[in-house]
Amino acid sequence: MTDTIKINVHPVPNSRIGLVDFNNIVFGKVYSDHMFISDFYNGKWQDFRIEAYDMLSFTPGSAILHYGQSVFEGLKAYKNPSGDVVVFRPEMNFRRLNQSAVRMCIPEVTEEMFMEGLTELLRLDKNWVPDLPNTSLYIRPYIFALDEYIGIRPSDNYKFIIFTCPVGAYYSKPLKVKIETKFSRAVQGGTGFAKAAGNYAGSLYPAKLAQQKGYDQLIWTDGVSHRYIEEAGTMNIMFMNGNKLLTASTGDTVLSGITRDSVLTIAREWGIDVEERNISVTEIISSLKNGEITEAFGTGTAATIAPIELIADDENDYQIPVPGPESFSTKVCEELDSIKTGKKKDTHGWIYTV
Ligand code: COI
């Protein structure tokens with residue numbers, strides 16, 4: 001890759017890495033030494049720099065604090081058997097970040113600043129990429145509005161940051177999920193397809209109500225009729241029915257998941273019939289009742305492949321068999337892990353080596 005932006009790098013004098021217990025990492029609680037930053041002002045992204053992961057300072061009037069104009073991404077880096085740092089499909093995250101940005105009236109970032117910022121950051125913090133089983137370096141690029149202004153209009157000033165966290169599993173056990181038929185995550189014409197901060201804030205209260213009833217997460221249904229299944233909590237959702245893999249089509253209301261796309265690609269290569277379509281709650285409940293659904297799982301960068309052991313509607317709980325070594329979700333998870341960690345040949349062009 002040719003250097004087309006100038007990044008000022010200010011390494012920390014003392015790394016914090018010695019304080020980290022890599023055998024017991026809690027997801028999202030441990031932060032690597034550095035972050036990449038760029039500021040948008042006078043109509044362009046500038047001041048590319050890498051500095052200590054540390055406090056930020058901006059005024060109480062900053063737009064992000066009031067109006068939520070912010071978008072983010074999540075991707076992961078791994079170590080391959082030669083010890084190189086490899087990243088899974090970063091160009092997809094770059095594209096999706098900009099799709100989210102356009103929807104939220106945020107200026108798009110350039111491919112150079114995204115990729116070169118990421119590359120330099122990972123070079124500097126390569127020791128933070130864990131290589132124990134089921135661990136990775138979670139990467140969080142995000143953009144937020146910084147105008148000091150009370151009033152609704154797009155900001156003129158923004159910050160783009162990439163920081164990283166060594167992580168273990170996001171979910172430590174199979175999930176119990178409840179089909180949500182009152183609250184909505186997304187509607188046609190809304191922001192559901194975008195990784196916009198507010199989408200996640202709006203999901204907290206319905207999820208909290210479900211958690212009070214003993215479920216881990218929700219299955220979101222369409223915002224008009226609540227008859228069609230869309231996503232599960234922070235993930236896309238898939239069902240195995242015989243040799244058919246079912247998942248909701250993407251569109252305005254369903255995030256175009258990169259893990260989702262990778263799983264569907266592998267499933268097709270393995271000769272599984274993939275159906276991306278409207279999936280009704282009635283269809284899923286009747287297939288659960290007659291035992292046709294053998295697997296249900298969520299897919300996401302943080303969650304990877306998250307088995308679902310129970311689905312509830314307003315009346316009943318339905319158990320789903322725990323996946324065994326021959327289950328599709330187990331095998332596709334292993335396949336993806338082997339590709340991501342460079343143990344298996346990358347035939348799809350999914351791996352970016354730093
Ligand atoms: C991801 O899967 O990377 C996400 O951004 C979901 C997040 C809520 C952890």
Side-chain angles (χ1 to χ4, degrees), residues 25-32 68 70-78 87-101 103-104 106 114 118 122 129-130 134-144 160-173 175 177 180 185-186 191-208 210-211 216-220 230-238 247-248 250 253-264 297-308 329 332-333 336-337 340 350 352:
I25 318 175
V26 180
F27 198 108
K29 294 276 193 187
V30 181
Y31 296 84
S32 316
S70 175
V71 293
F72 72 96
E73 269 304 322
L75 62 162
K76 280 178 174 171
Y78 305 81
V87 189
F88 189 65
R89 308 189 76 178
E91 71 294 340
M92 298 281 281
N93 297 90
F94 160 70
R95 275 190 241 131
R96 195 174 59 183
L97 181 69
N98 278 344
Q99 283 158 5
S100 301
R103 178 62 182 83
M104 303 308 286
I106 289 174
F114 186 95
L118 178 65
L122 292 178
V129 184
N134 301 318
T135 62
S136 57
L137 189 77
Y138 188 82
I139 303 165
R140 170 52 52 84
Y142 62 117
I143 315 173
F144 57 96
F160 171 61
I161 297 182
I162 309 177
F163 66 71
T164 69
C165 305
V167 296
Y170 188 76
Y171 292 118
S172 53
K173 57 176 183 49
L175 303 175
V177 293
E180 177 60 57
R185 191 194 82 92
T191 60
F193 71 91
K195 279 188 92 71
N199 289 345
Y200 294 79
S203 74
L204 295 175
Y205 178 66
K208 183 172 106 174
Q211 282 152 9
D216 300 301
Q217 264 301 346
L218 295 172
I219 294 183
W220 294 105
E230 297 201 324
E231 288 189 19
T234 57
M235 310 171 287
N236 295 109
I237 185 165
M238 301 191 182
T247 194
T250 55
T253 56
V254 176
L255 187 82
S256 187
I258 295 162
T259 308
R260 173 189 183 280
D261 178 76
S262 311
V263 169
L264 297 186
F297 54 94
T299 65
T301 298
T304 62
I305 309 291
I308 293 173
S329 56
V332 82
C333 188
L336 277 173
D337 273 351
K340 289 172 181 172
W350 285 346
Y352 171 71

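First listed ligand is number 1; within each ligand, the first listed atom is number 1. Only this structure's heavy atoms are used, side chains among them; waters, hydrogens and symmetry mates stay out. Keep in mind that what you see is a predicted model, and the values were worked out from it rather than measured.
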For the residue pair Tyr78 and Phe88, is the inter-centroid distance of their aromatic rings smaller than 6.0 Å?
no
For Pro307, side chain to side chain contact (heavy atoms under 4.5 Å, CB included) partners two or more places apart
Pro174, Pro323
Can you list everything that forms a ring-ring contact (aromatic ring centres under 6.0 Å, His included) with Phe144? Sequence neighbours excluded, please.
Phe58, Tyr142
Donor-acceptor contact present, side-chain Arg140 to main-chain Glu73, <3.5 Å:
yes
N/O pairs closer than 3.5 Å, ligand 1 and protein:
unit_1, atom_1, unit_2, atom_2, d
ligand 1, 2 (O), Thr301, N, 3.4
ligand 1, 2 (O), Ala302, N, 2.9
ligand 1, 3 (O), Tyr138, OH, 2.5
ligand 1, 3 (O), Ala302, N, 3.4
ligand 1, 5 (O), Tyr138, OH, 3.3
ligand 1, 5 (O), Lys195, NZ, 2.9

Verify side chain to side chain contact (heavy atoms under 4.5 Å, CB included) between Leu255 and Arg260, making sure each step is shown before the conclusion.
CA-CA 9 Å; Leu255 187 82; Arg260 173 189 183 280; over 6 Å; no
Not counting sequence neighbours, which residues clear side chain to side chain contact (heavy atoms under 4.5 Å, CB included) with Ala194? List them please.
Ser100, Ala196
